[in-house]
**Student:** 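The structure is given below, and queries will be raised subsequently.
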Amino acid sequence: MNISTEVGISRKAFYDEIRDINLSPLWEALHNLVPSKPNGQCVPELWKWADVAPHIERAGRLITAEEAVRRVLVLENPALPGQYSVTNSLYAGLQLILPGETAPPHRHVQSALRFIVDGKGAYTAVDGERTTMSPGDFIITPSWTWHDHGNEGIDGDIQPVVWLDGLDIPMVRFFDAGFQESSDERSQTVTRAEGNSFAKFGYNMAPVNHRVSSATSPIFSYPYERTREALDTLYRQLEIDLWHGVKLRYVNPATGGWPMPTIGTFMQLIPRGFRTKPFRSTDGAVFSVVEGKGRVKVGEKVFEFGPKDHFVIPSWHTYSFEADEELVLFSFSDRPVQVALDILREERLEP
Ligand code: GTQ
């Protein structure tokens, strides 16, 4: 290599020349590539149920679940238009299934969670077992498992059902590791009775010869009733964190780890009149409001919210809650991945 001072060429001309052979000067971009703190483009956003629900109903008139395969309105971060992403790593959408409809079986590498928002009595089936949905339930579709959805109602009561889908679609896209298969069947054959996996793993017990063979929890529905009871008991025992209220993470009972390998899920209770101290972390999160009314301050923005509203807090944005009524909030983030990569940071701030 001949390193002598090059004269008579501007840096700009140099950059233009080397671009032709797919080279780029790091020094023009170093501060962005290796930032002093997270500098993503994602912005906080709020989706009010009152604004969204009429359009979900319209989607229900426009296309059937069967034709759409999955009839979903995607919650897109306003700073990531056309990317079908709510943060850089996460996808969120609201899926509608009307009485009598089916959404046909398929399987994909992406892991999915369902958090039931409105209505009850729809089901999702995973690997031959169905679970019936009620508001506040957290349901898992593990990577590469056959799944389909339907709505036959419950006890003769049949109503439209809407749930929040949370998937790791952007992560799988980032790794370029996506595979998918569709089935010709209308719905998969039921091979196990409803409640089978919950009986095996939902009571702090497990089949005597169980060996962990999957990165995903063997429980596929975490019913709201139990989650709510745990939060309520802890609240009455005054185990209240000043930054989070009473906040629990869902666990895989077979490992103690996260229920899903790529997505962490949480439920928290914030007592009426409580104001949480400001907090920030590198795992941006999507929130679904289950109960109560209040507001979240995120940076300079304030979102007033109530039941069935959704909002996103991006990475490293400082936020705090105020509860006008007792709040119950579900959330999900990419925390398991950041923990595995040893890059998660969080900070409990003082007001
Ligand atoms: O229910 O399988 O929101 O495959 C996006 C992709 C839901 C699903 C979504 C999917 C599904």
**Student:** Are Tyr224 and Glu229 linked by a side-chain donor-acceptor pair shorter than 3.5 Å?
**Tutor:**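 No, Glu229 and Tyr224 have no side-chain donor paired with an acceptor closer than 3.5 Å.
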
**Student:** Closer than 3.5 angstrom, by distance alone: can the side chain of Glu76 be matched with the main-chain N or O of Gly82 as a donor-acceptor pair?
**Tutor:**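 Side chain of Glu76 to backbone of Gly82: a pair is present.
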
**Student:** Would you confirm whether Ser331, through its side chain, and Ala285, through its main-chain N or O, come within 3.5 Å as a donor-acceptor pair?
**Tutor:**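 Checking the backbone N and O of Ala285 against the side chain of Ser331, no donor-acceptor pair under 3.5 Å is found.
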
**Student:** Find out if a path of hydrophobic residues (ILVMFWY) with successive side-chain heavy-atom gaps under 4.5 Å connects Leu329 to Leu164.
**Tutor:**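 Yes; tracing contacts between hydrophobic side chains, which count when under 4.5 Å, links both residues.
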
**Student:** Please check this pair: side chain of Asp165 against backbone of Ala92, looking for a donor-acceptor N/O pair closer than 3.5 Å.
**Tutor:**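 Such a contact is absent between Asp165 side chain and Ala92 backbone.
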
**Student:** Take Glu346 and Arg335 through the test salt bridge (charged side-chain N to carboxylate O under 4.0 Å, His left out) and record every step on the way to the result.
**Tutor:** CA-CA 11 Å; Glu346 57 181 19; Arg335 182 164 281 236; 2.8 Å; yes

**Student:** Let's go through Thr216 and Asn252 carefully: what are the C-alpha distance in whole Å and the side-chain angles of both, what is the deciding distance for side-chain contact (heavy atoms from CB on, under 4.5 Å) to 0.1 Å, and is it a yes or a no?
**Tutor:** CA-CA 7 Å; Thr216 305; Asn252 175 340; over 6 Å; no

**Student:** Please find the pair of heavy atoms, one from Pro261 and one from Val337, that lie closest to each other, and give the distance.
**Tutor:**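 In terms of heavy atoms, the two residues are closest at O-CG2, 4.2 Å.
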
**Student:** Which atoms form the tightest heavy-atom contact between Phe220 and Glu129, and what is the distance?
**Tutor:**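 For Phe220 versus Glu129, the nearest heavy atoms are CZ-O, 3.3 Å.
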
**Student:** Say whether Ile97 and Val117 are linked into one hydrophobic cluster, either directly or through other cluster members, by side-chain heavy-atom distances under 4.5 angstrom.
**Tutor:**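 No, Ile97 does not connect to Val117 through the hydrophobic network.
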
**Student:** How close do Pro105 and Gln188 get, heavy atom to heavy atom, and via which atoms?
**Tutor:**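 Scanning both residues completely, I find the closest heavy atoms to be CG-N, 3.7 Å.
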
**Student:** OG/Ser315 to CG/Asn88 distance, rounded to the nearest 0.5 angstrom?
**Tutor:**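 Spacing of OG (Ser315) from CG (Asn88) equals 8.5 Å.
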
**Student:** Do the side chain of Asp137 and the main chain of Phe115 share a donor and acceptor less than 3.5 angstrom apart?
**Tutor:**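 A pair under 3.5 Å: no.
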
**Student:** Output yes when Arg130 and Asp148 qualify as a salt bridge under the 4.0 Å nitrogen-oxygen rule, no when they do not.
**Tutor:**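 So Arg130 does not pair with Asp148 through a salt bridge.
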
**Student:** Could you work out, with side-chain hydrogen bond (donor to acceptor under 3.5 Å, both in side chains) as the rule, every residue matching Glu67, not counting sequence neighbours?
**Tutor:**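 Applying side-chain hydrogen bond (donor to acceptor under 3.5 Å, both in side chains) to Glu67 gives none.
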
**Student:** Which atom pairs, donor and acceptor, lie under 3.5 Å between side-chain atoms of residues 264-282 and protein residues at least two apart or in another chain?
**Tutor:**
unit_1 : atom_1 : unit_2 : atom_2 : d
Gln268 : NE2    : His244 : O      : 3.0
Thr276 : OG1    : Phe321 : N      : 2.7
Lys277 : NZ     : Glu350 : OE1    : 2.7
Lys277 : NZ     : Glu350 : OE2    : 3.3
Arg280 : NE     : Glu347 : OE1    : 2.7
Arg280 : NH2    : Glu347 : OE1    : 2.7
Ser281 : OG     : Asp283 : OD1    : 2.6
Thr282 : OG1    : Gln338 : OE1    : 2.6
Thr282 : OG1    : Arg345 : N      : 3.0
Thr282 : OG1    : Arg345 : O      : 3.4

**Student:** Does the ring center of Phe138 lie less than 6.0 Å from the ring center of Tyr250?
**Tutor:**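 Yes; Tyr250 has its ring centre under 6.0 Å from that of Phe138.
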
**Student:** Under a 3.5 Å cutoff, is there a donor and acceptor pairing between the side chains of Ser187 and Glu185?
**Tutor:**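 Short answer, no.
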
**Student:** A quick test of your reading: do over 12 heavy atoms of other residues, nucleotides or ligands sit less than 6.0 Å from NZ of Lys293?
**Tutor:**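 No - once you tally the heavy atoms of other residues, nucleotides and ligands closer than 6.0 Å, there are 12 at most.
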
**Student:** Are Val298 and Leu75 connected in the hydrophobic side-chain network, where two residues link if heavy atoms are under 4.5 Å apart?
**Tutor:**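 Val298 clusters together with Leu75.
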
**Student:** Using the salt bridge (Lys or Arg N to Asp or Glu O under 4.0 Å) criterion, which residues pair with Arg71? Sequence neighbours excluded.
**Tutor:**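 Salt bridge (Lys or Arg N to Asp or Glu O under 4.0 Å) list for Arg71, sorted by chain: Glu101.
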
**Student:** Considering only distance and modelled atom types, tabulate donor-acceptor pairs under 3.5 Å from the side chains of residues 28-54, sequence neighbours left out.
**Tutor:**
unit_1 : atom_1 : unit_2 : atom_2 : d
Glu28  : OE2    : Tyr15  : OH     : 2.5
Lys48  : NZ     : Glu304 : O      : 3.2
Lys48  : NZ     : Asp309 : OD2    : 3.0

**Student:** For the hydrophobic clusters of this structure (ILVMFWY residues joined by side-chain heavy atoms under 4.5 Å, transitively), does one cluster hold both Val312 and Leu80?
**Tutor:**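 Per the 4.5 Å side-chain linkage, Val312 and Leu80 are not co-clustered.
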
**Student:** Taking Gly153's backbone N and O only, do any of them form a donor-acceptor pair with Gln159's side chain (distance below 3.5 Å, no angle check)?
**Tutor:**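 Looks like no, no N/O pair under 3.5 Å.
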
**Student:** Do Arg249's NZ or CZ and the ring of Trp258 fall within the cation-pi criteria of under 6.0 Å and 45°?
**Tutor:**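 The answer is yes, since Arg249 meets both limits relative to Trp258.
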
**Student:** Please walk me through it: do Arg236 and Glu326 pass salt bridge (charged side-chain N to carboxylate O under 4.0 Å, His left out)?
**Tutor:** CA-CA 13 Å; Arg236 280 188 278 106; Glu326 183 171 271; over 6 Å; no

**Student:** Return the set of residues passing side-chain hydrogen bond (donor to acceptor under 3.5 Å, both in side chains) with Ser217 (not counting sequence neighbours), or none when no residue passes.
**Tutor:**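 Expected list: Tyr222.
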
**Student:** Hey, could you give me the CD1/OH distance between Ile139 and Tyr123, rounded to the nearest 0.5 Å?
**Tutor:**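 Result: 13.0 Å between the selected atoms.
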
**Student:** Run the side-chain hydrogen bond (donor to acceptor under 3.5 Å, both in side chains) test against Glu194 and tell me which residues pass, sequence neighbours left out.
**Tutor:**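 Here the qualifying residues are Thr132.
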
**Student:** Surrounding CZ of Arg192 (heavy atoms of other residues, nucleotides or ligands, distance under 6.0 Å), is the total greater than 12?
**Tutor:**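 Counting other residues, nucleotides and ligands, CZ of Arg192 exceeds 12 neighbours.
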
**Student:** After noting the C-alpha distance and the side-chain angles of Thr227 and Glu225, does the key distance pass the side chain to side chain donor-acceptor pair (under 3.5 Å) rule?
**Tutor:** CA-CA 6 Å; Thr227 311; Glu225 218 171 82; over 6 Å; no

**Student:** Are Lys247 and Asp241 within salt-bridge range, i.e. N to O under 4.0 Å?
**Tutor:**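 Salt bridge: no.
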
**Student:** So, for Ala230 and Leu248, which heavy atoms are closest and what is the spacing to 0.1 Å?
**Tutor:**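 The pair with the smallest heavy-atom distance is CB-CD1, 3.9 Å.
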
**Student:** Between Arg173 and Ser85, does the side chain to side chain donor-acceptor pair (under 3.5 Å) criterion hold? Intermediate values first, please.
**Tutor:** CA-CA 11 Å; Arg173 184 166 58 199; Ser85 299; 3.0 Å; yes

**Student:** Between Val86 and Asn77, what is the shortest heavy-atom contact and its length?
**Tutor:**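 Shortest heavy-atom contact: O-ND2, 3.0 Å.
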
**Student:** Would you find a donor on one side and an acceptor on the other, under 3.5 Å apart, between the side chain of His147 and the backbone of His106?
**Tutor:**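 Yes, because the side chain of His147 sits within donor-acceptor range (under 3.5 Å) of the backbone of His106.
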
**Student:** State yes or no: do Leu344 and Val251 share one hydrophobic cluster built from I, L, V, M, F, W and Y residues joined by side-chain heavy-atom distances below 4.5 Å, directly or via other members?
**Tutor:**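 No, no single cluster joins them.
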
